[in-house]
Amino acid sequence: MPATPAHPAEFTSVEDVTERFAAHGYIADRRLATTVFLLTRLDKPVLLEGPAGVGKTELAKTLAATTGRRLLRLQCYEGQDESRALYEWDYGKQLLYTQMLRDKIGELTAGAPDLVSAVRRIEEQDSVFFSDRFLAPRPLLEAVRGEEPSVLLIDEVDRADEALEAVLLECLAEYQVSVPEIGTYTAKTPPYIVLTSNNSRDLSAALKRRCLHLSLGYPDAERELEILRSKDTGLPEATARHLVEVVRGLRELRLRKNPSISETVDWARTLAVLGVEELGPEVLADTVNVVLKYERDLGRALDVLPRLVDPNRTLPEPGHHHDGHGHPHHHHDDHDHDDDRHEADGRALRTAMDRQGRHDKGYYGAPGPGPTRRTAPGAGQGARAFAAMARRRAV
């Protein structure tokens with residue numbers, strides 16, 4: 001009887017990645033499949049950058065599905081602090097236990113000659129209250145501490161503040177998370193880590209050099225058509241091919257938000273539900289809001305849809321309606337410069353901040369000499385609140 005492989009869910013080759021991803025409806029090209037294979041073999045995070053809707057988040061979901069790993073997701077946003085990414089203390093549970101054990105606390109402080117001595121006795125026992133039982137893990141700590149192998153998705157990391165980037169570095173480099181009150185957790189089985197960025201700002205060089213990097217763009221026409229086929233939208237082959245060409249034409253416009261791949265799939269399903277077998281300007285104008293979500297973009301699209309459907313068609317003068325449908329044309333050229341200013345990147349502002357070694361020291365658990373266990377009780381989050389509560393009890 002053949003021996004069971006130690007890791008039956010591991011990929012055996014780049015081709016194996018392509019085949020197993022395709023079986024889950026994700027069409028990966030050679031470059032993407034190679035990056036995923038290296039991610040699993042080198043135990044390095046991968047940073048996926050590119051416009052919204054090109055399959056970055058879906059890649060992490062498919063990776064979890066094909067490898068049988070648990071998916072943990074950290075959705076980043078502006079103003080997010082480390083407690084939402086790493087861990088929090090369950091203060092309510094700590095308070096409940098304190099109330100239940102108040103008699104024991106009273107015995108502990110009995111006979112103390114003064115308040116300072118009573119507080120010191122309490123502090124010597126605070127490791128009871130700052131332990132795993134009161135720790136509420138967030139995605140980063142859960143991925144490191146969990147017994148079950150996982151895929152950690154850090155989604156839209158460019159939306160988070162730079163301070164969170166620094167917090168991420170320890171996890172990305174050493175697969176560990178430090179909790180000052182307890183010590184350092186190191187992953188027994190390193191998670192597969194996938195970071196995504198929509199390029200709304202430049203990420204630090206310190207974060208980038210810890211990751212494999214892949215820039216994802218919109219696929220070519222044949223691959224996008226293959227994606228439509230894999231999703232079984234119900235649209236006839238010729239119509240689907242025509243729709244892909246229309247979408248590609250829309251992406252060439254100066255739109256605030258280009259149609260994503262998933263929105264192309266939604267448009268195909270919409271047209272299939274309506275029973276469309278041949279594309280025309282009228283039905284596309286009636287349904288283009290499936291892929292375009294801004295009035296300025298809709299106005300520009302309605303101007304060019306007839307030409308995208310039939311390149312030989314003569315377009316009406318700007319400002320006229322199409323075929324009696326009454327779709328107004330919205331010309332927002334006066335606002336284009338404002339939009340461009342809002343979308344300007346911050347490369348110049350980031351250059352001075354991306355010094356090599358910027359985040360390599362100065363954080364708890366950084367490489368170099370220093371304890372990996374706490375050396376003083378309560379030396380971290382919540383210690384002052386607990387000490388204050390103890391003083392009130394002693395009084």
Side-chain angles (χ1 to χ4, degrees), residues 17 21 24-29 31-40 42-67 69-80 82 84-86 138-140 142-144 150-173 175 190-219 223-224 227 251 257-265 343 345-347 350 354:
V17 175
F21 267 51
H24 284 78
Y26 193 102
I27 308 303
D29 60 19
R31 187 168 62 104
L32 189 150
T34 301
T35 303
V36 171
F37 182 69
L38 293 175
L39 156 70
T40 62
L42 298 178
D43 285 335
K44 285 183 68 71
V46 62
L47 170 62
L48 304 176
E49 293 190 287
V54 294
K56 302 185 298 295
T57 300
E58 194 64 26
L59 183 144
K61 295 179 179 178
T62 305
L63 178 60
T66 54
T67 57
R69 289 184 169 225
R70 178 187 180 191
L71 178 65
L72 298 170
R73 181 171 181 171
L74 174 63
Q75 182 64 51
C76 299
Y77 55 87
E78 185 178 354
Q80 187 176 30
E82 64 180 75
R84 296 295 181 181
L86 290 169
R138 298 307 179 198
L140 292 184
E142 185 64 25
V144 168
S150 63
V151 172
L152 173 61
L153 168 61
I154 304 175
D155 211 11
E156 296 185 324
V157 67
D158 55 318
R159 290 183 178 272
D161 296 336
E162 295 173 23
L164 185 59
E165 283 188 47
V167 172
L168 292 174
L169 298 183
E170 181 185 9
C171 181
L172 298 179
Y175 293 102
Y192 296 156
I193 301 181
V194 177
L195 301 94
T196 74
S197 168
N198 294 336
N199 286 329
S200 63
R201 69 172 177 86
D202 289 342
L203 302 175
S204 69
L207 185 144
K208 285 194 170 186
R209 69 171 173 267
R210 285 165 170 79
C211 303
L212 300 172
H213 181 268
L214 182 63
S215 179
L216 292 182
Y218 295 108
R223 184 161 165 257
E224 190 158 12
I227 293 171
R251 289 181 186 143
K257 179 187 176 301
N258 283 326
S260 68
I261 299 173
S262 61
E263 288 168 333
T264 304
V265 174
E343 296 169 5
D345 62 43
R347 291 190 183 92
R350 295 284 305 183
D354 284 339

Closest heavy-atom pair, E49 versus L203, reported as atoms and distance to 0.1 Å, is OE2-CD1, 4.1 Å
Correct closest heavy-atom pair for L63 and T67 would be O-OG1, 2.6 Å
Check your understanding: How about P191 and L72: do any of their side-chain heavy atoms sit closer than 4.5 Å?
Key -> no
For A60 and L71 the tightest heavy-atom approach is O-CD1, 4.1 Å
In short, salt bridge (charged side-chain N to carboxylate O under 4.0 Å, His left out) pairs touching residues 55-64 with sequence neighbours left out are none
Residue set satisfying ring pair (Phe, Tyr, Trp, His ring centres under 6.0 Å) with Y218, at least two apart, ordered chain then number -> none
In this structure, CG of L32 is separated from CZ of F21 (nearest 0.5 Å) by 7.0 Å
For R138, the salt bridge (charged side-chain N to carboxylate O under 4.0 Å, His left out) test, sequence neighbours excluded, returns E88
Audit row: T40, V17, side chain to side chain contact (heavy atoms under 4.5 Å, CB included) steps and yes/no: CA-CA 10 Å; T40 62; V17 175; over 6 Å; no
The reported gap from NE2 in H213 to OG in S197 (rounded to nearest 0.5 angstrom) is 8.0 Å
_Salt-bridge contact R201-E78 (side-chain N to carboxylate O under 4.0 Å)_ = no
Rounding to 0.5 Å, atoms CZ (R210) and OG (S204) come to a distance of 8.0 Å
side-chain hydrogen bond (donor to acceptor under 3.5 Å, both in side chains) filter on E263, not counting sequence neighbours, yields K257, S260, K293
Between R223 and I27, the two heavy atoms sitting closest are NH2-O, 2.8 Å
In short, L47 meets K208 closest at the heavy-atom pair CD2-CG, 3.9 Å
Donor-acceptor contacts under 3.5 Å from residues 151-161 side chains, at least two apart:
residue, atom, partner, partner atom, Å
D155, OD1, T57, OG1, 2.9
D155, OD1, T196, OG1, 2.5
D155, OD2, T57, OG1, 3.1
D155, OD2, R73, NH2, 2.7
E156, OE1, Q75, NE2, 2.8
E156, OE1, R159, NE, 3.1
E156, OE2, N198, ND2, 3.1
D158, OD1, N198, N, 3.3
D158, OD2, N198, N, 3.3
D158, OD2, N199, N, 3.4
D158, OD2, S200, N, 2.9
D158, OD2, S200, OG, 2.6
D161, OD2, G79, N, 3.1

Smallest heavy-atom separation, L169 atom then L207 atom, equals CD2-CA, 3.7 Å
Sequence neighbours excluded, the answer for salt bridge (charged side-chain N to carboxylate O under 4.0 Å, His left out) partners of R251 is E224
Sorted by chain and residue number, the ring pair (Phe, Tyr, Trp, His ring centres under 6.0 Å) partners of Y175 (sequence neighbours excluded) come out as none
Any side-chain to backbone donor/acceptor pair from Y192 onto V36? Under 3.5 Å, distance only. no
Hits for side chain to side chain contact (heavy atoms under 4.5 Å, CB included) against T34, two or more places apart or cross-chain, chain-then-number order -> V14, R30, L38
Sorted by chain and number, sequence neighbours left out, side-chain hydrogen bond (donor to acceptor under 3.5 Å, both in side chains) with H24 holds for none
Taken to the nearest 0.5 Å, the spacing of L48 CG from T35 OG1 works out to 8.0 Å
Does Q80 reach the main-chain N or O of L164 with its side chain, forming a donor-acceptor pair under 3.5 Å? no
By side-chain hydrogen bond (donor to acceptor under 3.5 Å, both in side chains), E142 pairs with (sequence neighbours left out) R70
